[in-house]
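For reference, the structure discussed in these notes is given below.
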Amino acid sequence: MKRIVINSLIIFFALGITAQENQDKITKDDLGNPYVYSSPPQKIISLAPNITEILFALELGEQIVGVTRYCDYPSQALAKERIGGMIDPNLELIKSLNPDLVIGFRGNPLKHLMRLKELRVPVFILGMGSNIESVYSIIRKIGKITRREREADDLVRSMKSKYVKIQSVLSSVIHRPKVFLSLHGKGLWTCGRESFLNDLLTKAKGINIAGTIPRRWLSYNREQLIHENPEIIIILAKSEEEFIQAKEWIEEGSYLTSIRAVREGRIYFLDENLATRPGPRIIEAFAQLVSLLHPQIFNQLR
């Protein structure tokens, strides 16, 4: 009888250990580093604005204990602890918050991310991505490691539905205008072929005049800009005030007045935060971009 009891206890504990092992799962981040996850994390730190937006969209706002100084959407993010910037995070502060998940982005310096790993802080690193589809992948990966797979699937499904609707409206568009995307405050700074903004512009049936250059961001040549003669100039700015300043700079530059977009007054504003963050609002940015390039179909997108 005693032997039966002992054997039963051994089996019970063995099953318990096996069950715990089955609960732990292993995946890899976008740098190929293994990441072990089991129960949903309760203290999360975001190292990029797009990650913060995704976490809130997955209803994880209460679990966020730290964000960067650039994380300003949604408004609830403003109440979270600031752990520094994307390129200068305060590693000691991050460690002191005792997070069970830090989500980094390839915009963060790799040396800081590796240092956090050395400090035994659980870090999951995501890639930049180069198209709309990569945004869906980022959302699903965050959903996976936070155990919010269903919410992530629902969010991606909703985004895809809106995207398909816009593409349906775009099917009637034939003309693809030549476009120059300008980032406010940096002269003729623009995006090249490797930027997901180039993918956004291409899918919106526009032609990025810098789209053949194999770079994410670059300073465009003034003479080349005049030669390409874009029909539309879109200025990415954080506010209407910044947009007006950049627009006036272009309009008052005597060497740019010959450009068709300047002559015809087709210089438009696109919210920089909305368009440069690969997160839940990227489809909204896409819809706005389509409206700017093809105003004749604007009412069909409402």
Side-chain angles (χ1 to χ4, degrees), residues 10-68 71 80 83 86 89 91-160 196 277-280 282:
I10 292 174
I11 294 173
F12 174 80
F13 284 117
L15 288 173
I17 293 172
T18 302
Q20 180 61 45
E21 290 175 346
N22 287 337
Q23 287 176 0
D24 291 336
K25 297 182 179 180
I26 299 177
T27 187
K28 289 185 177 181
D29 66 15
D30 286 349
L31 290 186
N33 301 311
Y35 180 82
V36 179
Y37 63 104
S38 54
S39 58
Q42 298 303 307
K43 300 177 71 175
I44 306 172
I45 291 178
S46 163
L47 296 183
N50 66 310
I51 293 172
T52 299
E53 293 192 20
I54 292 170
L55 289 171
F56 273 101
L58 298 181
E59 301 177 1
L60 287 163
E62 292 186 3
Q63 285 77 20
I64 299 174
V65 296
V67 298
T68 74
C71 298
K80 298 297 181 179
I83 51 80
M86 289 183 63
L91 304 187
E92 290 75 17
L93 176 57
I94 292 174
K95 175 70 173 177
S96 71
L97 291 172
N98 195 30
D100 46 14
L101 172 60
V102 173
I103 306 181
F105 206 54
R106 281 302 288 119
N108 308 128
L110 189 58
K111 64 179 181 179
H112 293 326
L113 298 175
M114 293 300 102
R115 178 56 182 157
L116 286 173
K117 285 181 173 291
E118 292 174 2
L119 294 171
R120 297 186 179 278
V121 175
V123 179
F124 189 88
I125 305 169
L126 292 162
M128 294 288 286
S130 60
N131 51 43
I132 290 178
E133 289 73 23
S134 65
V135 180
Y136 303 148
S137 177
I138 290 171
I139 291 171
R140 284 202 165 104
K141 287 175 183 177
I142 292 177
K144 183 177 182 179
I145 60 174
T146 60
R147 311 312 299 265
R148 294 291 175 110
E149 292 95 335
R150 180 180 58 80
E151 290 84 352
D153 286 341
D154 289 344
L155 177 57
V156 170
R157 192 177 302 112
S158 174
M159 292 172 66
K160 284 185 174 181
F196 77 88
R277 296 178 181 180
I282 199 64

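None of these values were measured; they are calculated from a predicted model. One-based numbering along the sequence shown.
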Exercise answer: donor-acceptor pairs, residues 121-129 side-chain atoms, under 3.5 Å, sequence neighbours excluded:
none

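Residues Lys141 and Asp30 meet the side-chain proximity criterion, which asks for heavy atoms closer than 4.5 Å. Between Ile282 and Arg277 the shortest side-chain heavy-atom distance does not fall below 4.5 Å.
Residue Lys25 comes nearest to Arg147 through the heavy atom pair NZ-NH2, 3.6 Å, listed as atom of the first residue, atom of the second, then distance. Residues Thr146 and Ile142 share a closest heavy-atom pair of OG1-O, 2.7 Å. What you find for Ala57 and Leu155 is that their closest heavy atoms are CB-CD2, 3.8 Å. When all heavy atoms of Phe105 and Ile138 are compared, the closest pair comes out as CE1-CD1, 4.1 Å. Contact detail for Ile94 and Pro89: the closest heavy-atom pair is CD1-CB, 4.0 Å. Closest non-hydrogen pair, Ile54 versus Pro280, comes out as CG1-CD, 3.6 Å.
Here the side chain of Gln42 pairs a donor or acceptor atom with the backbone of Pro40 at under 3.5 angstrom. Judged purely by atom type and a 3.5 angstrom limit, Asn50 uses its side chain to pair as donor or acceptor with the backbone of Pro278. A donor-acceptor pair is defined here as one N or O able to donate and one able to accept, closer than 3.5 Å; no such pair exists between the side chain of Lys80 and the backbone of Ile45.
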Requested in this report: Please test Val156 against Tyr136 for side chain to side chain contact (heavy atoms under 4.5 Å, CB included), starting from the C-alpha separation and ending with a verdict.
Outcome: CA-CA 6 Å; Val156 170; Tyr136 303 148; 4.0 Å; yes

Requested in this report: Apply the test side chain to side chain contact (heavy atoms under 4.5 Å, CB included) to residues Met159 and Val135: give CA-CA distance (whole Å), side-chain angles for both, the deciding distance (0.1 Å), then the verdict.
Outcome: CA-CA 10 Å; Met159 292 172 66; Val135 180; 4.2 Å; yes

Query raised in the report: How far apart are the C-alpha atoms of Asp154 and Arg150, what are their side-chain angles, what is the distance that settles it, and do they pass the salt bridge (Lys or Arg N to Asp or Glu O under 4.0 Å) test?
Result: CA-CA 6 Å; Asp154 289 344; Arg150 180 180 58 80; 3.6 Å; yes

Requested in this report: Apply side chain to side chain contact (heavy atoms under 4.5 Å, CB included) to the pair Leu101 and Gln63, showing each step before the final yes or no.
Outcome: CA-CA 10 Å; Leu101 172 60; Gln63 285 77 20; over 6 Å; no

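Around NZ of Lys43, the count of heavy atoms belonging to other residues, nucleotides or ligands within 6.0 Å exceeds 12.
The one candidate from Thr52, Leu113, Ile103 that meets the side-chain contact (heavy atoms from CB on, under 4.5 Å) condition with Leu47 is Leu113.
Rounding to the nearest 0.5 angstrom, the gap separating the CG atom in Asn33 from the OG1 atom in Thr27 is 11.0 Å. To the nearest 0.5 angstrom, Leu91 atom CG is 11.0 Å from Ser96 atom OG. Of the inter-residue distances, the one linking Arg140 atom CZ with Leu58 atom CG reads 11.5 Å to the nearest 0.5 angstrom. To the nearest 0.5 Å, atoms OG (Ser38) and CD1 (Ile145) are separated by 12.5 Å.
With sequence neighbours excluded, no residue forms a side-chain hydrogen bond (donor to acceptor under 3.5 Å, both in side chains) with Asn131. Arg148 meets the salt bridge (charged side-chain N to carboxylate O under 4.0 Å, His left out) test with no other residue; sequence neighbours excluded. Here Arg120 pairs with nothing under the salt bridge (charged side-chain N to carboxylate O under 4.0 Å, His left out) rule; sequence neighbours left out.
Pairs of residues two or more places apart, or lying in two chains, that qualify as salt bridge (Lys or Arg N to Asp or Glu O under 4.0 Å) and include a residue from residues 130-139 are Glu133-Lys203. Evaluation of the salt bridge (Lys or Arg N to Asp or Glu O under 4.0 Å) test over residues 101-116, restricted to residues two or more places apart or in two chains, returns Arg115-Glu118.
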